Number of protein chains: 2
Amino acid sequence: MDESIGIRERTRGAMRGELADVALRLFEERGYDETPVDDIATAAGISPRTFYRYFGTKEDVLFGDLPPTSVDLPELLTEHLTRLGPWEALHQTLRNVSEQVQTQRDRWSRLLRVVNTSDSLRAGHLEQQMNLAQSLVPVLAPQLGEPAAWSTLRARVLVHTALTCFDTAFSHWAVHESDVEIVDAVDIAFTTFSESASQAP
Amino acid sequence: MDESIGIRERTRGAMRGELADVALRLFEERGYDETPVDDIATAAGISPRTFYRYFGTKEDVLFGDLPPTSVDLPELLTEHLTRLGPWEALHQTLRNVSEQVQTQRDRWSRLLRVVNTSDSLRAGHLEQQMNLAQSLVPVLAPQLGEPAAWSTLRARVLVHTALTCFDTAFSHWAVHESDVEIVDAVDIAFTTFSESASQAP
DNA sequence: GACTAATGTGGCAGAGTCTGCCAGATTCGA
DNA sequence: TCGAATCTGGCAGACTCTGCCACATTAGTC
């Protein structure tokens with residue numbers, strides 16, 4: 001049957017999901033740095049060696065299957081660029097992501113709480129963004145064709161800034177969870193520049 | 001004598017300097033991930049255990065004593081804020097840093113080349129920026145008093161964006177070293193927004 | 001239903017980073 | 001010069017991650 005390839009992947013997906021759940025729960029209880037992979041494995045009823053067959057890294061069990069990585073951002077951005085300017089296109093792209101995140105509010109607020117308990121995790125989170133950025137820059141650069149020599153530099157600045165807006169909005173939301181919607185925070189962050197960036201003192 | 005406290009710290013500083021030199025050289029030859037701490041230690045004629053008494057982390061031997069961390073950025077920013085708007089003040093603050101960096105062109109271009117050979121290093125570099133950002137936000141936030149509830153969010157966006165501009169300019173410079181001055185790249189990066197951010201397509 | 005091949009699993013050994021502990025050497029201040 | 005603070009090295013250990021090999025499970029075929 002043509003599903004025969006799929007069944008293995010499905011059970012694999014289920015395993016990943018359960019591992020992610022178990023891990024997140026343990027991290028919430030004891031903290032990330034204080035929870036060795038061995039404990040996650042035994043709590044999930046597998047060997048540590050097997051854990052590393054599902055997630056190449058301890059961090060991956062947290063960041064593995066979540067929106068920013070599970071969405072094809074370059075494609076999304078390309079589409080928005082047909083209708084919008086660079087900055088607005090970035091804004092809309094990440095707005096879409098945050099809309100999708102909003103359907104997983106719970107998981108995300110739990111995750112952000114865990115991330116904020118560990119320096120090493122924050123770093124990993126940033127590294128993810130770097131990778132995202134690297135995939136978006138080549139999409140954006142051709143749209144900034146002016147001096148050409150500078151277009152890559154400008155593209156990188158815009159992309160990184162957009163991701164920064166996104167990220168900042170997120171951690172803000174994580175703290176003031178009850179007061180704000182994620183999407184609103186993202187909008188505020190993105191409009192920071194047009195409003196207050198170059199005001200006089 | 002009142003120097004008696006100082007002499008120890010001076011020899012300690014010398015040791016740190018030498019370790020940093022040795023390490024950077026080895027990293028250039030073999031790559032960061034391929035150079036264990038043991039090798040750095042033996043190359044410097046000390047034991048691995050002692051290495052960790054000078055630098056708490058393998059990363060610290062690279063990032064330990066360099067401009068961004070060795071300058072009091074909050075103070076610098078505070079001063080610029082008395083004369084300039086938020087964005088311009090950030091621009092000038094980081095411009096000052098890049099001027100200071102320019103006096104160590106060599107060391108920096110070597111370092112950036114090393115950093116770009118390792119993913120884990122990039123992450124560490126970003127984490128440093130996060131810490132910098134966290135020290136600047138409280139300085140900037142009071143200057144954005146409007147809705148108050150959003151001022152912290154906006155301050156964070158501005159600060160992170162500024163650091164992103166700085167960082168992006170740097171890696172750009174690292175690649176096109178011969179064509180550009182660091183300070184110029186920083187200026188270009190910072191003016192990206194006022195020029196091309198919200199243009200139509 | 002049985003057989004072969006692919007795939008999943010577990011244990012072991014090892015590299016690498018980093019920490020705590022203790023003993024010995026070095027240096028400092030009186 | 002002597003006692004005290006400090007520096008150093010070695011040892012053992014925790015933790016993350018990898019390669020290797022043997023064993024079990026499962027899939028597709030006849």
Side-chain angles (χ1 to χ4, degrees), chain A residues 1-20 22-23 26-27 30-64 114 117-125 127, chain B residues 1-20 22-23 26-27 30-64 114 117-125 127:
Chain A
M1 347 158 184
D2 12 346
E3 314 286 297
S4 56
I5 302 175
I7 191 163
R8 284 244 163 111
E9 295 199 355
R10 252 176 283 139
T11 58
R12 184 174 174 79
M15 188 76 234
R16 278 179 71 100
E18 194 186 317
L19 275 178
V22 171
L26 290 182
F27 292 157
R30 302 181 221 165
Y32 178 81
D33 291 326
E34 289 72 31
T35 309
V37 169
D38 287 29
D39 290 10
I40 305 173
T42 42
I46 63 174
S47 82
R49 189 66 190 83
T50 301
F51 173 92
Y52 280 107
R53 290 218 176 74
Y54 283 96
F55 294 98
T57 294
K58 188 182 168 188
E59 273 180 15
D60 287 356
V61 82
L62 268 180
F63 300 133
V114 169
T117 66
S118 160
D119 287 349
S120 54
L121 265 186
R122 251 190 290 263
H125 194 239
E127 198 183 351
Chain B
M1 349 159 185
D2 13 344
E3 313 287 295
S4 58
I5 301 175
I7 192 164
R8 283 241 164 113
E9 294 198 356
R10 252 177 283 141
T11 60
R12 182 175 176 80
M15 188 76 234
R16 278 179 71 102
E18 194 187 318
L19 276 178
V22 171
L26 290 182
F27 292 158
R30 303 181 220 165
Y32 178 82
D33 291 325
E34 289 72 31
T35 309
V37 169
D38 287 30
D39 290 11
I40 305 172
T42 41
I46 62 173
S47 83
R49 189 64 189 86
T50 301
F51 173 92
Y52 280 108
R53 291 220 174 75
Y54 283 96
F55 293 98
T57 293
K58 188 182 167 188
E59 273 180 16
D60 287 356
V61 82
L62 269 179
F63 300 133
V114 169
T117 67
S118 161
D119 288 349
S120 53
L121 265 186
R122 253 191 286 264
H125 194 238
E127 198 183 351

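Please read all numbers here as calculations on a predicted model, not as lab measurements. Just so we're on the same page: letters track the sequence lines, and every chain starts at 1.
- Taking atom CZ on Arg10(B) and atom P on dT27(C), their separation rounds to 16 Å, with Å as the unit.
- Atom-to-atom, CZ of Arg12(B) to C1' of dT26(C) comes out at 16 Å; the value is rounded to the nearest Å.
- From Met15(B), atom CE reaches atom CZ of Arg12(B) across 10.0 Å, with rounding to the nearest 0.5 Å.
- For Arg49(B), counting side-chain heavy atoms from C-beta on, the closest listed nucleotide (dG10(C), dC11(D), dC17(D)) is dC11(D).
- Pairs of residues two or more places apart, or lying in two chains, that qualify as side-chain hydrogen bond (donor to acceptor under 3.5 Å, both in side chains) and include a residue from residues 46-64 of chain A are Ser47(A)-Thr50(A).
- Among the candidates Leu121(A), Thr117(A), Val61(A), the single residue satisfying the side-chain contact (heavy atoms from CB on, under 4.5 Å) test with Phe27(A) is Val61(A).
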_Full working for side chain to side chain contact (heavy atoms under 4.5 Å, CB included) between Phe51(A) and Asp38(A)_ = CA-CA 9 Å; Phe51(A) 173 92; Asp38(A) 287 29; over 6 Å; no

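- Nearest to the side-chain atoms of Pro36(B) among the listed nucleotides dG10(D), dT17(C), dG10(C) stands dT17(C).
- Across the protein-nucleic acid pair, Asp38(A) atom CG and dC12(C) atom P stand 13 Å apart, rounded to whole Å.
- When rounded to the nearest whole Å, the span between CG of Asp33(A) and P of dC15(D) equals 11 Å.
- Remark: C1' of dT16(D) and CG of Leu121(A) are 14 Å apart, rounded to the nearest angstrom.
- Nearest approach of Ile40(A) to Ala23(A), heavy atoms of both residues: CG2-CB, 3.9 Å.
- Between Asp39(B) atom CG and dT17(C) atom C1' there is a gap of 13 Å when expressed in whole angstrom units.
- For Ala44(B) against Leu19(B), the heavy-atom pair with the smallest separation is CB-CD2, 3.6 Å.
- Near DNA chain D, defined here as any heavy-atom distance below 4.0 Å, the residues from residues 50-57 of chain A are Tyr52(A), Arg53(A), Gly56(A), Thr57(A), listed numerically.
- What separates NZ of Lys58(B) from P of dA15(C) is a distance of 15 Å, to the nearest Å.
- Glu34(A) has its CD atom 13 Å from the C1' atom of dA14(D), to the nearest Å.
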